[in-house]
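Below is one structure, written out as structure tokens, with a few remarks after it.
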2 protein chains.
Amino acid sequence: MTAAKHQVTRGTGRRTSGRAGIRDVAAAAGVSITTVSDALNGKGRLPDATRRHVRTVADRLGYRPSAAARTLRTGKSGLIGLTVTTYGEEPFTFTEFAYFAEMARAATSAALARGYALVILPAASQHREFDVWSNVALDGTVVIDPSDHDPVVTELVRQGIPVVSDGRPGGSLPVTAWVDNDHEAAVTGLLDHLAAGGARRIGLLTGTSTDTYTRLSTTAYLNWCERARQDPVYEAYPAHDPCASAVAADRLLARPDRPDAVYGLFDPNGTDLLAAARRYGLRVPDDLLVVCCSESGVYATTEPPITTLSLKPGRIGTAVIHLLIDAIEGAAGGGGKRQTAGSVPQAQGHQVMPTELIVRASSQRSPRASARTTVPAPARSPRPTVAVPRTPPAADQ
Amino acid sequence: MTAAKHQVTRGTGRRTSGRAGIRDVAAAAGVSITTVSDALNGKGRLPDATRRHVRTVADRLGYRPSAAARTLRTGKSGLIGLTVTTYGEEPFTFTEFAYFAEMARAATSAALARGYALVILPAASQHREFDVWSNVALDGTVVIDPSDHDPVVTELVRQGIPVVSDGRPGGSLPVTAWVDNDHEAAVTGLLDHLAAGGARRIGLLTGTSTDTYTRLSTTAYLNWCERARQDPVYEAYPAHDPCASAVAADRLLARPDRPDAVYGLFDPNGTDLLAAARRYGLRVPDDLLVVCCSESGVYATTEPPITTLSLKPGRIGTAVIHLLIDAIEGAAGGGGKRQTAGSVPQAQGHQVMPTELIVRASSQRSPRASARTTVPAPARSPRPTVAVPRTPPAADQ
DNA sequence: CGATCATGCAAAAACGTATCGGCGATCGGT
DNA sequence: ACCGATCGCCGATACGTTTTTGCATGATCG
């Protein structure tokens, strides 16, 4: 009998209580631990008979491999961090809400399809919340619009963990890769659209914070104004304050040099501009053209429907995840170069995604029409307006 | 010299490459592994001098403890699963969107505050996506509106992992605890409000699916109609289809027995009802009163602003998390009874949360007014609702 | 002055898996 | 019938912590 041999079994032979381990399966199946592991993972060279037998026994015992042990052994956890920027106590701001939700949804889906799961973690907030970061084993991280010198990103990269950012990183943040829209092209194309619609003085509703999105969009606006020989007319407000939008919209329309068209950088600006216009007796689009950047579907049914710029967060989320997983699996399987702690790799790649201008009644004086204009990424062309008949709401993109 | 002694260091003395382990810290600090662990975790009895010294050395080496190893040893991962129901390929449906986003936001925040992180996982979809579940070590799981015989929930409970559900579980699903609104009280109160506003025939926009929310709300409506001696007037549509809402709203207003007030169970119903009313030349609120269940802020700025029923997903999210973490830490620290695999504990507690009716112009004939009515939870409960005032109100709304 | 005790630290045993190397047995070829 | 190759399986080790046990050393007390 092999029984005598099995006195070797580590320390006590006692039941580990509760769940069955790989040892129990091995014992019950009358094979070794190695064989069980190989059979369940499809490795090694085993006859199908043995494989099936082991699988059957494992099922009967309700065996579930310990994720922790596997992670410890293999070094891969199958987990991807998703940082949410926090304002004050609460994660993410209201203006990012719809964008973030959609982006997270797509990212979750893409990650799951490739066998990874997302874990939500707070961005740097110099509190002691950092320890939650080191309490979870991450294969990689996606960070949304990181601040210029995000300590978390720096630390992760130092540990050799791939980091992909949504939004071109400012400063010299050493992310592995990044994905972003071509904000300048988007804003330029959108302003051209408004000008073509008869706007003589286009105003801007922008934010006071200095994130990449706000910065790029604003400078694109200023540049356009300079080219168009128009004085800039804009109001900036703290975008993270859900109430400030309405006030800012009011301020903009109260100015002596009141614009006859407005672009709002943030989600709530559309409805707030509409409400403000009503207060001032301005008709949209007759007296005021309105466009805002939003992912919300409500703008299709407002009175009038409002033209929106969609950043296509779904596409961004998917792209970010694929870039990240490629980096993760490439780094592991690539073999050759071992990632030493000191060597900080510069951005290995990036991807610029197109935006989409969803044209509705609010941005054109002529009666009703509806079209979609896609600003392609690399093409710097002012406005290759491709009118497409109203598409049904696509599943993802 | 202790150098000779250190030949004992496990197997090869080679650098593990890359990151520094606890051994490296011990060697560098000239102490044992035990001392390092104790110093960093604040355990054991060490003089402050040693503690500081070890911490300094650890910082200098950039030491980060391995989460995987810690999890393997302690059995706690600090991770909480958050299941998202999937429709087809994509996680969560559009109608749950705002609710889910807000609930997840609050849950994330609450979990982080107690040192846990959330990991997003797909609900059962009989595909082989289940394996991602066993690839992550979970301390507990919150599941949103589980189906009556969710296999994932059953399996998790079998493994002794606490499961708390958002939404009262149907069937005999053995969740650890659950949180839900008092949907019947909410609907009843809301219909009373509409009747008080002058409605003679109240219609309902409901869903075709059989989840708890839809079911409870619809029967509450039917019961109310019976009590009020009013014929029910409702249209049901597949709520997961983002386009179907508008069609259903149209159908409802096209009926010969057209209602003079409508309650819509899902988020987009408000704007869609408004649009449909415009098409039929009905003025809101003069010809038609409108209320819908939504968490979206846009209804404050529509024309007219629409009265909404808020389920307060933020509160639900925090309550769910606190219930779950209490269960996790109670099960561990409670000592006494060891959770054997066979014993399936019945629901250990539940919490019924109040809803909030945000009254705006769309639901009252008399000019403008704005008020908030809170339907208290235990007030109307048909069954002896044992509301457990477990956790402190927390810094959430 | 000897016994007791608190103090400061270390050795070693787990936790549950993946994987490298190897060992006997069978097989095919000459 | 002998020999190398292949097949089927196993033992042992490492992954990096936490925790239990226990050994010295000096201080305190009777």
Side-chain angles (χ1 to χ4, degrees), chain A residues 2 5-27 29-51 53-54 58 61 63-78 134-135 137, chain B residues 2 5-27 29-51 53-54 58 61 63-78 134-135 137:
Chain A
T2 56
K5 224 160 138 193
H6 279 322
Q7 55 132 312
V8 186
T9 26
R10 284 293 202 67
T12 66
R14 68 181 165 87
R15 277 278 177 191
T16 334
S17 88
R19 294 169 47 181
I22 199 176
R23 276 196 304 273
D24 305 306
V25 177
V31 295
S32 80
I33 292 183
T34 308
T35 303
V36 174
S37 177
D38 283 349
L40 294 179
N41 296 343
K43 305 203 168 179
R45 11 168 235 210
L46 299 177
D48 279 359
T50 309
R51 248 180 243 283
H53 175 224
V54 169
L61 296 191
Y63 166 72
R64 295 283 157 214
S66 152
R70 184 196 300 258
T71 298
L72 176 58
R73 181 64 233 250
T74 63
K76 318 220 69 62
S77 68
S134 48
N135 260 341
Chain B
T2 56
K5 223 161 135 193
H6 279 322
Q7 52 125 288
V8 187
T9 25
R10 282 292 203 69
T12 66
R14 69 183 164 86
R15 276 279 178 191
T16 333
S17 89
R19 297 170 44 182
I22 198 176
R23 277 197 303 274
D24 305 303
V25 177
V31 296
S32 81
I33 293 182
T34 308
T35 303
V36 175
S37 178
D38 283 350
L40 263 39
N41 296 346
K43 306 202 166 179
R45 354 165 257 213
L46 300 179
D48 279 357
T50 309
R51 250 179 241 283
H53 176 224
V54 170
L61 295 192
Y63 166 72
R64 296 283 157 212
S66 151
R70 180 189 302 233
T71 299
L72 176 57
R73 180 63 234 242
T74 63
K76 317 221 71 61
S77 67
S134 49
N135 261 340

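Nothing here was measured: the structure is a model prediction, and the numbers come from that model. In the text below, chain A, chain B and the rest are named by the order of the sequence lines, each starting its count at 1.
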**OP:** Find the bend of the helix from C:dC1-D:dG30 to C:dT30-D:dA1 as the angle between its two terminal axes (five pairs each), to the nearest 10°.
**Re:**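 Between the first-five-pair axis and the last-five-pair axis there is 40°.
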**OP:** List the atom of A:Arg64, the atom of B:Ser134, and the distance in Å for their closest heavy-atom pair.
**Re:**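 So the minimum-distance heavy-atom pair works out to CD-CB, 4.2 Å.
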Between [atom2] on [N] and [atom1] on [X], what's the gap in Å once rounded to a whole number?
{"X": "B:Ile22", "N": "D:dT19", "atom1": "CD1", "atom2": "C1'", "value": "12 Å"}
{"X": "A:Asp24", "N": "C:dT17", "atom1": "CG", "atom2": "C1'", "value": "13 Å"}
{"X": "A:Arg70", "N": "D:dA14", "atom1": "CZ", "atom2": "C1'", "value": "17 Å"}
{"X": "B:Leu72", "N": "D:dT18", "atom1": "CG", "atom2": "P", "value": "11 Å"}
{"X": "A:Ile33", "N": "C:dA18", "atom1": "CD1", "atom2": "P", "value": "11 Å"}
{"X": "A:Lys76", "N": "C:dA18", "atom1": "NZ", "atom2": "C1'", "value": "14 Å"}
{"X": "B:Arg51", "N": "C:dT7", "atom1": "CZ", "atom2": "P", "value": "13 Å"}
{"X": "A:Leu40", "N": "C:dT19", "atom1": "CG", "atom2": "P", "value": "13 Å"}

N/O contacts under 3.5 Å, protein versus nucleotides 24-29 of chain D?
none

Return the set of residues passing side chain to side chain donor-acceptor pair (under 3.5 Å) with [X] (not counting sequence neighbours), or none when no residue passes.
{"X": "B:Ser77", "result": "B:Asp139"}
{"X": "A:Ser66", "result": "none"}
{"X": "A:Ser32", "result": "A:Thr35"}

Original post:
Hey, what do you get for CZ (A:Arg70) to OG (A:Ser37), rounding to the nearest 0.5 Å?
Top reply: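 Interatomic distance, A:Arg70 CZ to A:Ser37 OG, rounded to 0.5 Å: 8.0 Å.
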Subject >> Side-chain N or O of B:Lys43 closer than 4.0 Å to phosphate OP1/OP2 of D:dT19 >> reply: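 Indeed, a polar side-chain atom of B:Lys43 lies that close.
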**OP:** Please tell me which of B:Arg73 and A:Tyr63 maps to the more 5' nucleotide of DNA chain C, matching each residue to the nucleotide holding its nearest heavy atom.
**Re:**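 This one resolves to B:Arg73.
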Using atom types as modelled, flag every donor-acceptor pair under 3.5 Å from a side chain in residues 43-51 of chain B to any protein atom, sequence neighbours excluded.
unit_1  : atom_1 : unit_2  : atom_2 : d
B:Arg51 : NH1    : B:Asp38 : O      : 3.3
B:Arg51 : NH1    : B:Lys43 : O      : 3.4
B:Arg51 : NH2    : B:Lys43 : O      : 3.4
B:Arg51 : NH2    : B:Gly44 : O      : 3.4

Original post:
Can you name the side-chain contact (heavy atoms from CB on, under 4.5 Å) partners of A:Ala67, sequence neighbours left out?
Top reply: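 Residues passing side-chain contact (heavy atoms from CB on, under 4.5 Å) with A:Ala67: B:Ala137.
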**OP:** Not counting sequence neighbours, which residues clear side-chain contact (heavy atoms from CB on, under 4.5 Å) with B:Ile33? List them please.
**Re:**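 By the side-chain contact (heavy atoms from CB on, under 4.5 Å) rule, B:Ile33 matches B:Ile22, B:Arg23, B:Ala26.
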Original post:
What does A:Thr34 touch in the nucleic acid at a heavy-atom separation under 4.0 angstrom: a base, only the sugar-phosphate, or nothing?
Top reply: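 Touches a base.
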Original post:
Looking across every strand, which nucleic acid part, if any, lies under 4.0 Å from A:Ser37 by heavy atom: base, sugar-phosphate, or nothing?
Top reply: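 Result for A:Ser37 = base.
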Give each protein N/O atom lying under 3.5 Å from an N/O atom of nucleotides 5-9 of chain D, with the pair distance.
unit_1 : atom_1 : unit_2  : atom_2 : d
D:dG8  : N7     : A:Arg45 : NE     : 3.2
D:dG8  : N7     : A:Arg45 : NH2    : 3.2
D:dG8  : O6     : A:Arg45 : NH2    : 2.7
D:dC9  : OP1    : A:Thr50 : OG1    : 3.2
D:dC9  : OP2    : A:Thr50 : OG1    : 3.0

